[in-house]
Structures are given as structure tokens and as C-alpha cells.
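Worksheet: one structure, shown below.
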Amino acid sequence: MDILTILPPVLALVIAVATRNVFYALGGAIWASETIIAGGNPFLGLLASVDRAAGVFASAGNTRILLFCLIIGALIAYMQKSGGVAALVNRLVSAGIASTPRRAGAVTALTGSALFMETNVSLLTTGIMGRPLFDRLKISRERLAYLIDSTSAPISILILINGWGAYLFSLISEYDFEDPIGILAATIPLNFYALLTLAGVFLTVFSNRVVGPMRTAETRIETDKEDVTEPTRAIYMALPLMTMVIATLGFMLWTGEGNMMAGSGSQSILWAVIIATGLAFLLLRFTGKFKTDALFDMGFKGMGELLPAVAVIFLSLALGNSLRALGTGEYIASVAASFPAPIVIPAILFLSAAITSFATGTSWGTYGILVPIAMPLAIGAGVPPALALSAVMGGGVFGDHCSPISDTSIIASFAAGCDHISHVRTQLPYALIAATGATALYLAAAAAMIN
């Protein structure tokens, strides 16, 4: 495999940092990737880029993701204009539950942790709730994005009673392990990156201190990001949100035929968001303050405000498909497999997964590439399977929640209502600190566990 396969994601990162324009970065990376696939012909690469983008809709899962990201704009608009958001914030503050930066951060992090069943539900729920709360307490939107993004994926990979667990179980079931569920469970205390990331979240919350570029973000907080709406009743926000969460979990049970781990997350959240948006619409209509036509206009305006974010997610999905066709992940995985010393294998697997997920913007795609390499490598080298698997799992989460081309990172940015590149810049130091600690711990764990 050619080293040129890593050029497109590197180009995306360089353009994103240089221009602070994620559209240029993603578009340029797709063109570069397709040009390489086309044998170096930029014109054919351009034509293939259009086809690659159109191919995003060939996946029902991708289409559902784009639809729910659009429809959630209407739900946010209804909850804001109803006064429900302002009312819920008033109640949380007056009751003392979220009256200080520490308490507001704790409520946000704990809510995100409780919603471990589906990362997008976690991001959207905590982001929508946290926006006005953080604004009132003069905490930056970047800190909110960091808290929700560094909670949702790490908690999902630790509490594996969800789609993440089902997917990983299906990957390791291909091997002749006596107890694959036991191996999966044994990864929990060994998933050092996820554990350190969550520790960093709660340390930030309770110390109320930030590091790196986040300090700069905290000094330029905007206080007029949301329209000021007179508080009405908290139920106008609480009921649609609760409906979305409960409906998502219920649909995951239904689509999984009683097994939530086997349910379809993309189907469930799309159906749930539609129901929650319809409920918010009816709540406003029955107040008598809004006419039907005005509510439709309000909903379309809310969706329109999210079109740029949806376009970014669309381009990131197209780039992910292109990089898979190019073989970027396989090349990075082959580099990791070239290190024969057993004691360094877990650390190398972690770093390989981290680089792959950061470059491709996908954790599940990284697992699909690296788990089939990690398991035979672990068996042959005498590395405990749970240790090797946890290294791949944690490395995949690294890119999933901090890569600028990851759909999860993008959703976190617009759920928190902050600039995407600013979110990536402010969160990355925390992720790198956790990744450095995890690498050291994998070396130590391998030294202790490998004979």
C-alpha cells in the first residue's frame, strides 16, 4: 500500500488549520483522495468526487443521520421560541442545581454520562440544555462542546450495553474465544484512554479550570448567542427532550427485537426526533399564541440555520467513504503490524487506532479495520486479547471525538452552538494529554501482563 493514502487526511488538517474553513478542508481532501484513486488525473478526480458525494445517500444510515441533524433544527427553534429553554434554565439555577459553573458542568457531564445508549442523543440533549445555561453563567460554548464531546463517546465505549458493544461483539465473535463477552467486559478497566478522558472532564468541572486554547475561548465569551425569549413553562423543553430520549431507547429495543444492543441507532433517533418535534409543534399550537403557518415558518427557519452544519457532516461522510476506497486505514494498520515486540503491541495498536480514527474521522470504521489485525496479532504474540482490544477501542474513540472530520465532533460543535474549528482546537490538548497517559499505561500494562 502506498504512503500517498495518508495525503488526503493530512491535507484536510492543514487546510482546516490554515483557513479555519472546514468546507475547503473537506472538499479539498475528497478531491485529493479521488484524484489519487483516478491515477493522478485531477479532472477525473473532480468528477469522481461528485459521484462520491452523491453516493453518501446510497446508505440509509447516512441519510438518516443527515435528516435528523436537519430536523433537530426545528425542534431547537420550537423549544427556544416557546420560552421552555429559558424556563428550564431559570428552574435549574433557582433550585441551586446548576447555579454555579461547577454545578452547571456537573449537570451537563452527568446527563451526558446517563445517556450512554446513543452518542447523538447524548450530544444533542446535553448541548441543547447546556447552551443557555452556560451563556447565563458566562462559560464558553467551547467548554460546553468539550464536556459533551468528551463524555458521549468515552462513556459509550465503557458501558457497552449499546450498539458499540454489539458491534465489537460481532467483530470478536469471528475468533475462537471461549468467552467473547468476558473479553469485552475485561476491556472496561483496561480502556485507559476513555477512563482518562472522563477523568479529565470531571477534573475540569470540579476545578473550574481550563488549559491551552480553552483559556482564550473563555476570555471572549459572547452573551447574545441565543434570542432572548421570555420564560414560560419548563415543560415546553423538558417534555420534547424526554420524549426524544425515551422514544430512542424504545425504538432501539423494537428494532433490535428486544435486544437494545442489536437495535438500529440511526433509525431510532430519526423516528424519535420526528416525534419530539411533532410534540413540540403541538404544544406551541395549543397555547394559542402561534398559528400553524407561523410554526411551519419557525421550523423551516430553524432547519435552515443548521444547513451549514449538515453540509459539513455530508462532506465528512463522503470523505470517509473515499478514504476507505483509497485504503488509508489499511495502510496505517499495516504500519502498526510491522512492530513484532509483544510488549509494545498494545501501545502500537492504540496509537495506530488513534491515528487511523483521527485521519478518517470514524471509530467504527477503525474497529472494522484494526480488530481483525489486533486479535490474530494478540493471539500469536501472547498478548491478552482484552488488552489488545481495549487499545483499539480507546484509540478509535480518540479520533471519533476530536478529529475535525468526525461526524461526532461536528455534531458536538453544532449541539453546543460553537465554531467547529474552535472546538477542535480547544479540545485537542485534553485529548492529547489523555492519549499520552494511555500510551504509557499500555506499555506498563503489557509489561505486567505479558510473560
Side-chain angles (χ1 to χ4, degrees), residues 5-30 32-33 62 65 69 119-120 123 142 145-146 148-154 156-157 164 193-194 197 200 212-213 309 311-324 326 328-329 331-333 350-370 392-416 418-436 438:
T5 60
I6 66 171
L7 176 62
V10 170
L11 182 65
L13 298 177
V14 170
I15 295 175
V17 172
T19 66
R20 295 180 62 83
N21 188 310
V22 73
F23 294 104
Y24 293 161
L26 292 171
I30 294 169
S33 178
N62 287 344
I65 289 172
C69 288
T119 53
N120 290 324
L123 292 169
E142 284 82 357
Y146 158 64
I148 65 176
D149 203 0
S150 292
T151 300
S152 63
S156 294
I157 203 65
W164 294 65
Y193 179 76
T197 298
V312 171
I313 295 172
F314 168 69
L315 289 174
S316 74
L317 292 171
L319 177 58
N321 290 340
S322 183
L323 293 179
R324 278 189 287 276
L326 183 61
T328 301
Y331 173 77
I332 297 172
F350 170 75
L351 292 173
S352 179
I355 294 170
T356 302
S357 59
F358 192 85
T360 60
T362 170
S363 56
W364 284 31
T366 297
Y367 299 154
I369 293 167
L370 280 176
V392 174
M393 291 163 65
V397 168
F398 174 86
D400 187 71
H401 81 104
C402 70
S403 171
I405 62 174
S406 164
D407 59 334
T408 301
S409 177
I410 295 166
I411 291 171
S413 297
F414 85 68
C418 78
D419 177 74
H420 178 56
I421 299 300
S422 182
H423 166 48
V424 172
R425 288 181 62 252
T426 53
Q427 179 174 246
L428 194 55
Y430 293 92
L432 290 174
I433 290 170
T436 301

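Since the structure is predicted, the reported quantities are computational estimates derived from the model, not experimental observations.
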Spacing of CD1 belonging to Ile6 relative to OG1 belonging to Thr356, to within rounding of 0.5 Å: 10.5 Å
Please check this pair: side chain of Ser322 against backbone of Ala318, looking for a donor-acceptor N/O pair closer than 3.5 Å. no
Give a yes or no answer on whether the side chain of His420 reaches the backbone of Pro404 with a donor-acceptor pair at less than 3.5 Å. yes
Find the distance between CG (Asn321) and CG (Leu326) and round it off to the nearest 0.5 Å. 12.5 Å
List in chain and number order the residues that pass side chain to side chain contact (heavy atoms under 4.5 Å, CB included) with Ser357, two or more places apart in sequence or in another chain; answer none if no residue qualifies. Thr366
Here the gap from Phe398 atom CZ to Leu432 atom CG, rounded to the nearest 0.5 Å, amounts to 5.0 Å
Does the gap between the ring centers of Tyr193 and His401 come in under 6.0 Å? yes
With rounding to the nearest 0.5 angstrom, report the OH to OG1 distance, Tyr146 to Thr151. 8.0 Å
Counting distance only, does the side-chain N/O of Ser33 pair as donor-acceptor with the main-chain N or O of Ala29 below 3.5 Å? no
Distance from Tyr430 atom OH to Asp149 atom CG, nearest 0.5 Å? 13.5 Å
CD1 of Ile410 to CG of Leu123, rounded to nearest 0.5 Å, is 12.0 Å
Between Ser409 and Ile405 (side chain of the first, backbone of the second, donor and acceptor by atom type, cut-off under 3.5 Å), is there such a pair? no
